[in-house]
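Notes to accompany the following structure.
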Amino acid sequence: MLSTTIFPGRYVQGRDARKRLGEELSRYGEKGIVICDSFVYEKLLSDFEPYMKDGVDVFIEKFGGECSDEEINRLLNIIHEAKFHFVVGLGGGKTMDTAKAVAYEAKLPVVIIPTLAASDAPCSAVSVIYTSEGEFKRYLFLPHSPNLVLMDTQIITNAPVRFLIAGMGDALATWFEAESCMKKYAPNMTGDLGSRTAYSLAKLCYETLLEYGLTAKTACETHIVTPALDHIVEANTLLSGLGFESAGLAAAHAIHNGLTVLEQTHHYYHGEKVAFGTLTSLFLTDKPIKTIDEVYSFCESIGLPTTLADIGLSEISDEKLMKVAQASCLEGETIHNEPIPVTPDLVFSSLKAADAEGKRRKSSI
């Protein structure tokens, strides 16, 4: 049996890590384009620009707002005219995905500089492509992960704490999905089996969340960098990224995808919906009550959703909830990586069970 494990080429994290940008970027050439999201361009660029230009020549281009083929082609035209040596994505998820796609098409190294720790996307070898109007179009699977991911924890801790919490929600699924893939001998994102390294890192991700999640949240609320904050940023980004990509996905992310069929959930972050998908998966896979209590207690301690009402579905009908269950079980969905036969009826019952347990715990406080 073959296993494949993929990593970013280089991962740099810490307070004021942005001050190393000149040195880090120079590894990939003398001249690069920085695709900068609009918020960073208007509010944070002065925190990065002097260090990006320390020893290298960079051209800063404002991101158009959608990771679309049209935006990718617009940026490729700029690159072909100027003959850049590397591409940088600075900002949020769609900016990062665009930078990865552009670098792939231009056959250039890509550097990812997130300003949030809200998901495990920075380290991944995939870009999500949308239409110009923002509708999902396709996944672009890339031949390798980014050449460099640089996380400045001082920048991250200045962002609203809800982003860090959402990142923990995304990371929460990592071990449970990895464990299911390991038991099922299900493939990871490369199509091969995961490695012991990947499964071990996925478990470390979960252990890190339980140990440091609450104190990291407090640090972020106070806008300070502490060791706990650093540990959680690493868990949200690197450990979760390696876990989902090299160990595999299962029920939690499929249930997230199912939840998105309901418009009421669209105002909630990816990690918030994944967290409820994880709670649902505990009932789906018949986890011990000790584990269920542990995960609910963690979610409650940091403010992740534990009921359907927490993700905008307080008045959801059984008919609509069944649509979520059916969408979660579509052919090709990762829920079929679970080591048990999964049906929409079983997912529907598990959604109801997860919601009922969350309500019970809230009422007993």
Side-chain angles (χ1 to χ4, degrees), residues 7-30 32-37 39-41 43-58 60 63 85-93 95-97 99-100 103 109-124 145-161 163-164 166-168 170-171 201 204-205 208 212-213 215-242:
F7 300 85
R10 190 173 177 88
Y11 182 86
V12 178
Q13 179 189 303
R15 184 203 305 266
D16 297 330
R18 67 191 185 283
K19 294 181 179 180
R20 285 262 299 269
L21 273 170
E23 175 187 342
E24 295 294 338
L25 293 177
S26 67
R27 300 175 189 277
Y28 308 105
E30 300 174 354
I33 180 172
V34 178
I35 303 168
C36 181
D37 84 15
F39 178 83
V40 175
Y41 190 88
K43 304 290 185 180
L44 298 176
L45 188 55
S46 61
D47 290 328
F48 290 93
E49 191 170 12
Y51 307 111
M52 289 190 293
K53 293 184 175 180
D54 183 13
V56 292
D57 180 18
V58 296
I60 298 170
F63 175 50
H85 301 149
F86 58 84
V87 177
V88 178
L90 172 60
T95 307
M96 293 187 288
D97 277 2
K100 287 188 279 187
V110 63
V111 173
I112 298 299
I113 311 172
T115 51
L116 305 168
S119 78
D120 50 24
C123 294
S124 72
S145 298
N147 301 81
L148 166 68
V149 177
L150 186 142
M151 307 285 294
D152 189 317
T153 48
Q154 186 60 62
I155 295 293
I156 289 163
T157 197
N158 287 333
V161 70
F163 289 111
L164 186 76
M168 286 192 265
D170 198 15
L201 291 174
L204 177 61
C205 180
T208 302
Y212 298 106
T215 48
K217 176 193 174 187
T218 302
C220 190
E221 289 170 332
T222 318
H223 305 299
I224 57 173
V225 177
T226 64
L229 188 281
D230 261 316
H231 298 331
I232 289 300
V233 170
E234 182 179 348
N236 286 7
T237 309
L238 182 61
L239 292 176
S240 184
L242 295 173

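- Considering every non-hydrogen atom in both Pro146 and Ser124, the closest pair reads CD-O, 3.4 Å.
- The shortest non-hydrogen separation linking Pro8 to Leu242 is CD-CD2, 4.0 Å.
- With values rounded to the nearest 0.5 angstrom, Thr157 atom OG1 is found 9.5 Å from Asp230 atom CG.
- Smallest separation of non-hydrogen atoms from Leu164 and Cys220: CD2-CB, 3.8 Å.
- No side-chain heavy atom of Asn147 sits less than 4.5 Å from a side-chain heavy atom of Phe86.
- Atom CE of Met52 is separated from atom CD of Glu49 by 6.0 Å, given to the nearest 0.5 angstrom.
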Donor-acceptor contacts, no H, no angles, side chain residues 111-123, under 3.5 Å, sequence neighbours left out:
from: Ser119; atom 1: OG; to: Ala121; atom 2: N; distance (Å): 3.2
from: Asp120; atom 1: OD2; to: Ser240; atom 2: OG; distance (Å): 2.8

Passes side-chain contact (heavy atoms from CB on, under 4.5 Å), Leu229 versus Ile224? Steps please.
CA-CA 8 Å; Leu229 188 281; Ile224 57 173; over 6 Å; no
Would Ser145 and Lys100 satisfy side-chain hydrogen bond (donor to acceptor under 3.5 Å, both in side chains), going step by step from the backbone distance to the final call?
CA-CA 9 Å; Ser145 298; Lys100 287 188 279 187; over 6 Å; no
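- Listed by chain and number, the residues in a ring pair (Phe, Tyr, Trp, His ring centres under 6.0 Å) with Tyr212 are His231 (sequence neighbours excluded).
- When side chains are defined from C-beta on, Met168 counts as touching Asn236, because their heavy atoms get closer than 4.5 Å.
- Atom CG in Leu21 sits 13.0 Å away from atom NZ in Lys53 (nearest 0.5 Å).
- Heavy atoms of other residues, nucleotides or ligands lying less than 6.0 angstrom from CD of Glu30 number 12 at most.
- With no hydrogens or angles considered, a side-chain donor-acceptor pair links Tyr11 and Gln13 at under 3.5 Å.
- In terms of heavy-atom proximity, His223 sits nearest to Gln154 at O-NE2, 3.9 Å.
- When side chains are defined from C-beta on, Arg10 does not count as touching Leu150, because their heavy atoms never get closer than 4.5 Å.
- With a 4.5 Å cut-off on side-chain heavy atoms, Thr208 and Leu239 count as touching.
- With rounding to the nearest 0.5 angstrom, the CG atom of Asp16 is 4.0 Å from the NZ atom of Lys19.
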Give the C-alpha distance, both sets of side-chain angles, the deciding distance and a yes or no for side-chain contact (heavy atoms from CB on, under 4.5 Å) between Val88 and Leu25.
CA-CA 9 Å; Val88 178; Leu25 293 177; 3.8 Å; yes
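- Residues forming a side chain to side chain donor-acceptor pair (under 3.5 Å) with Asp57 (at least two apart in sequence, or on another chain): none.
- Looking at heavy atoms from C-beta onward, Tyr41 lies in side-chain contact with Ile60 at the 4.5 angstrom threshold.
- In terms of heavy atoms, Arg18 sits closest to Asp47 at NE-O, 2.8 Å.
- Between the CD1 atom of Ile35 and the CG atom of Asp97 there is a distance of 11.0 Å, given to the nearest 0.5 Å.
- The line from CG of Asp37 to CZ of Phe63 is 8.0 Å long, rounded to the nearest 0.5 Å.
- The closest side-chain heavy-atom distance from Val58 to Ile33 is not below 4.5 Å.
- Between Val233 and Met151 the shortest heavy-atom distance is CG1-CE, 3.8 Å.
- No side-chain heavy atom of Val12 sits less than 4.5 Å from a side-chain heavy atom of Val149.
- Checking side-chain atoms of Thr222 against main-chain N and O of Thr218 turns up a donor-acceptor pair under 3.5 Å.
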Residue pair Leu148, Arg27: steps toward the side-chain contact (heavy atoms from CB on, under 4.5 Å) verdict
CA-CA 10 Å; Leu148 166 68; Arg27 300 175 189 277; over 6 Å; no
The test is side-chain contact (heavy atoms from CB on, under 4.5 Å); show your working for Leu45 and Cys36 and say whether it passes.
CA-CA 8 Å; Leu45 188 55; Cys36 181; 4.1 Å; yes
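- Under the 4.5 Å side-chain criterion, counting only non-hydrogen atoms from C-beta, Ile155 is not in contact with Arg15.
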